[in-house]
Peer 1: 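Quick one: the structure is below, and I'll ask about it shortly.
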Amino acid sequence: MACPLRGAIAVVTVLQTALEAGFVYAPVALALFLSFSILNIADMTTDGAFVLGSAVSAMMCLAGHPILALPAGMLAAALAGFVTAFLQTKLSVPSILAGIITNIGLYSINLMVMGKSNQSLFMADTIYTMANEAGFAGSWYKLAVTAGIVIVVAVLLVLFLGTRLGLSIRATGDNADMVRASSINPTFTITVGLCVANALTGLSGAMVAQYSTFADVNSGTGMVVLALAALVIGETLIGKSSMARGVVGVIAGSIIYRCIYAAALRFNVPADYMKLVSAIIVGAAIAAPAVRRWTAFQIQKRRAIAARKEEQ
């Protein structure tokens, strides 16, 4: 009886860790949902904005303000999004290059914020240590805190996208020329959209710093690709027929991605191969819609051939 019980406990632990990671990185996927899916802009600021949110959060925690660290990280990352939007809308820099330029500059800024490449929060108070000391949600306190924050942010995002400004942002992504002809300034909507998107990325970085008790200047490497994988997984499995469904799908995609990653760790995949596992998951997620369309086409083709043979 001991072995099955031990195995069940291990599975629950792995699932708990995967859920925590899925929720803590979900705001990055939500940011990509806003910038890539809605605004139709490939924002490459994500990696640097994630680290900026993490760095600001770490320094605020060391100063004794772990709760204020979250909005501070969001504000700092939103400013990074503003710079990207300014380069794109005012200086006519292509969106991808604008994000890359901002991302490169953020590396030095992140080092200046932290003072060094890695900042430890081992002995500092965080939102998680505060929840643990208060006895909140027992051993599931990290998941409860993170999920609560993400759910509130997701609801606010859906409500925001339903406002007049949110509808203008959605329309800008569909057809900027039509929006301009309707006396709506696309420069303003793009700027607001990128600021909100990067604020979400900064929130994720701020939570990750407190969750993992350290901030590292290289922690954002590849974040945009992983967020894209979560976005594609969510849209493939759940769809995006409405804003609420799209947001739920993105969060679910982030959780599913982390569950797959946790399963790979559970099967003792060597640490040196985890980058390969991540690449396979991302590639499979991005290719899934095309594979599904090809499969549906082949099924329709076979049905058409079978129907023609029956007629003959």
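All figures in this text were calculated on a predicted structure; none of them were measured in a lab.
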Peer 1: Answer yes or no: is there a donor N or O on one side and an acceptor on the other, between the side chain of D125 and the main chain of M130, under 3.5 Å?
Peer 2: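 No.
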Peer 1: Only one of N198, N103, T102 clears side-chain hydrogen bond (donor to acceptor under 3.5 Å, both in side chains) with D43; which?
Peer 2: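 Single pass found, and it is N198.
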Peer 1: What's in the same ILVMFWY side-chain cluster as F297, cut-off under 4.5 Å, chained through other members?
Peer 2: none
Peer 1: Under a 4.5 Å cut-off applied to non-hydrogen side-chain atoms, are S117 and L111 in contact?
Peer 2: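 Yes - at least one pair of side-chain heavy atoms lies under 4.5 Å apart.
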Peer 1: Can you measure from CG (L70) to CE (M74) and round to the nearest 0.5 angstrom?
Peer 2: 8.5 Å
Peer 1: Given side chains that start at C-beta, do those of L231 and S37 come closer than 4.5 Å, heavy atoms only?
Peer 2: yes
Peer 1: Can you check whether L200 reaches S204 side chain to side chain, under 4.5 Å on heavy atoms?
Peer 2: no
Peer 1: If we ignore hydrogens and angles and just use 3.5 Å, is the side chain of Q119 paired with the main-chain N or O of M114 as donor and acceptor?
Peer 2: yes
Peer 1: For the pair Q210 (side chain) and I127 (backbone), establish whether a donor and an acceptor sit closer than 3.5 Å, ignoring hydrogens and angles.
Peer 2: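 Checked: pair present.
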Peer 1: Do L194 and F82 come within less than 4.5 Å of each other through their side chains, counting heavy atoms only?
Peer 2: no
Peer 1: Is there a donor-acceptor pair under 3.5 Å between the side chain of S254 and the backbone N or O of V250?
Peer 2: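 No, because the side chain of S254 does not come within donor-acceptor range (under 3.5 Å) of the backbone of V250.
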Peer 1: Going by heavy atoms in the side chains, are L226 and Y25 under 4.5 Å from each other?
Peer 2: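 No - every pair of side-chain heavy atoms lies 4.5 Å or more apart.
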Peer 1: State, to 0.1 Å, how close K90 and T187 come at their nearest heavy-atom pair, and which atoms those are.
Peer 2: CE-CG2, 4.0 Å
Peer 1: Taking the side chain as every heavy atom from C-beta outward, state whether L106 and V51 have any pair of such atoms under 4.5 Å apart.
Peer 2: no
Peer 1: So do the side chains of V145 and I149 get within less than 4.5 Å of each other, counting heavy atoms only?
Peer 2: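 Of all side-chain heavy-atom pairs linking I149 with V145, at least one is under 4.5 Å.
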Peer 1: Between T146 and Y128, does the side-chain hydrogen bond (donor to acceptor under 3.5 Å, both in side chains) criterion hold? Intermediate values first, please.
Peer 2: CA-CA 9 Å; T146 307; Y128 299 106; 2.8 Å; yes
Peer 1: Residues in side-chain contact (heavy atoms from CB on, under 4.5 Å) with L167, at least two apart?
Peer 2: R170
Peer 1: Any non-hydrogen side-chain atom of V192 less than 4.5 Å from a side-chain atom of V196?
Peer 2: yes
